[in-house]
Amino acid sequence: EPSQQPQQQTSDSIDATAPIWGLRLQIVLMYVGTILNRTTDLYGFSSNIQKSLWLPPKLLAVHYSLNSSFATRDYSWLGDLVRTTLPISQAMTLGAMVIEGLAPLFCLVLGNRAIAMVPAALLASLHFGLLVLINLPNWQFAGILATTVWIPTAFWDRLLPLSTQQQQQQNDGSCK
């Protein structure tokens with residue numbers, strides 16, 4: 001006699017569905033577009049690409065954004081330190097290019113493996129750091145939330161029984 005309940009899918013089969021991979025690919029393409037916009041979209045594939053503030057030898061994009069009035073936080077002692085110390089802002093610019101350029105690709109290639117959380121954590125950390133330094137809160141929150149797509153579905157599958165147990169305990173307590 002077959003069970004009335006639908007069979008529970010494994011986390012691997014849930015993760016292998018087209019929607020999750022489509023969303024993951026979309027996030028990767030967003031970061032690829034960001035890198036292209038900072039470099040080749042402005043200067044093409046010419047010698048003018050060296051004018052980019054995002055690429056060596058300049059690496060001045062973080063320095064520039066912290067010195068402009070549109071996005072700086074008035075109360076950030078950390079922002080003041082980065083703004084006044086050029087090697088720190090250059091390292092942050094280079095770090096942003098490397099993390100935004102490679103971490104999404106690594107996450108996509110690693111798929112549902114737990115190790116995919118390492119580059120995802122780097123992306124979330126990058127966006128959190130920018131949230132602290134630069135006043136562009138909506139973009140930074142969106143970047144942090146987007147990294148949750150790399151959390152393996154097995155993690156969410158483990159949370160579901162916990163929330164079901166808690167809900168059941170609450171319901172049992174309210175019936176007494």
Student: Nearest 0.5 angstrom please: Ile151 CD1 to Asn112 CG, how far?
Tutor: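 CG of Asn112 is found 11.0 Å from CD1 of Ile151.
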Student: Nearest 0.5 Å, please: how far is CG in Leu133 from CG in Leu66?
Tutor: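 Leu66 atom CG to Leu133 atom CG measures 5.5 Å (nearest 0.5 Å).
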Student: State, with a plain yes or no, whether a side-chain heavy atom of Leu108 is found less than 4.5 Å away from one of Trp150.
Tutor: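 Yes, at least one pair of side-chain atoms sits under 4.5 Å.
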Student: Which pairs would a plain distance check flag for residues 117-131, meaning a side-chain donor or acceptor within less than 3.5 Å of a matching protein atom at least two apart in sequence or in another chain?
Tutor:
unit_1	atom_1	unit_2	atom_2	d
Ser125	OG	Ala121	O	2.8
His127	ND1	Gln140	OE1	2.8
His127	NE2	Tyr31	OH	2.6

Student: With side chains defined as the heavy atoms from C-beta onward, is the minimum distance between Glu100 and Arg38 less than 4.5 Å?
Tutor: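 Side-chain contact under 4.5 Å: yes.
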Student: Looking at SG of Cys107 and CZ of Arg113, how far apart are the two atoms once the value is rounded to the nearest 0.5 Å?
Tutor: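 Output value for this atom pair is 12.0 Å.
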Student: Which pairs with one or both residues in residues 82-97 pass side-chain hydrogen bond (donor to acceptor under 3.5 Å, both in side chains), sequence neighbours excluded?
Tutor: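 For residues 82-97: Asp80-Arg83.
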Student: Evaluate side chain to side chain contact (heavy atoms under 4.5 Å, CB included) for Leu59 paired with Leu53, printing each intermediate quantity in order.
Tutor: CA-CA 5 Å; Leu59 297 171; Leu53 297 177; over 6 Å; no
Student: Keeping the roles fixed (side chain from Asn37, backbone from Gly33), state whether a donor-acceptor pair exists under 3.5 Å.
Tutor: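 No, because the side chain of Asn37 does not come within donor-acceptor range (under 3.5 Å) of the backbone of Gly33.
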Student: What heavy-atom pair brings Gly111 and Trp21 nearest, and what distance separates the two atoms?
Tutor: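 That closest heavy-atom pairing would be CA-CH2, 3.4 Å.
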Student: Using side-chain heavy atoms (C-beta onward) and a distance below 4.5 Å, is Leu86 in contact with Leu60?
Tutor: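 Leu86 reaches Leu60 side chain to side chain.
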Student: Within the structure provided, determine whether Thr39 and Met97 are in side-chain contact (heavy-atom separation under 4.5 Å).
Tutor: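 Thr39 reaches Met97 side chain to side chain.
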Student: In chain order, what residues pass the side-chain contact (heavy atoms from CB on, under 4.5 Å) check against Val98, with sequence neighbours excluded?
Tutor: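 Val98 satisfies side-chain contact (heavy atoms from CB on, under 4.5 Å) with Leu94, Leu102 once adjacent residues are dropped.
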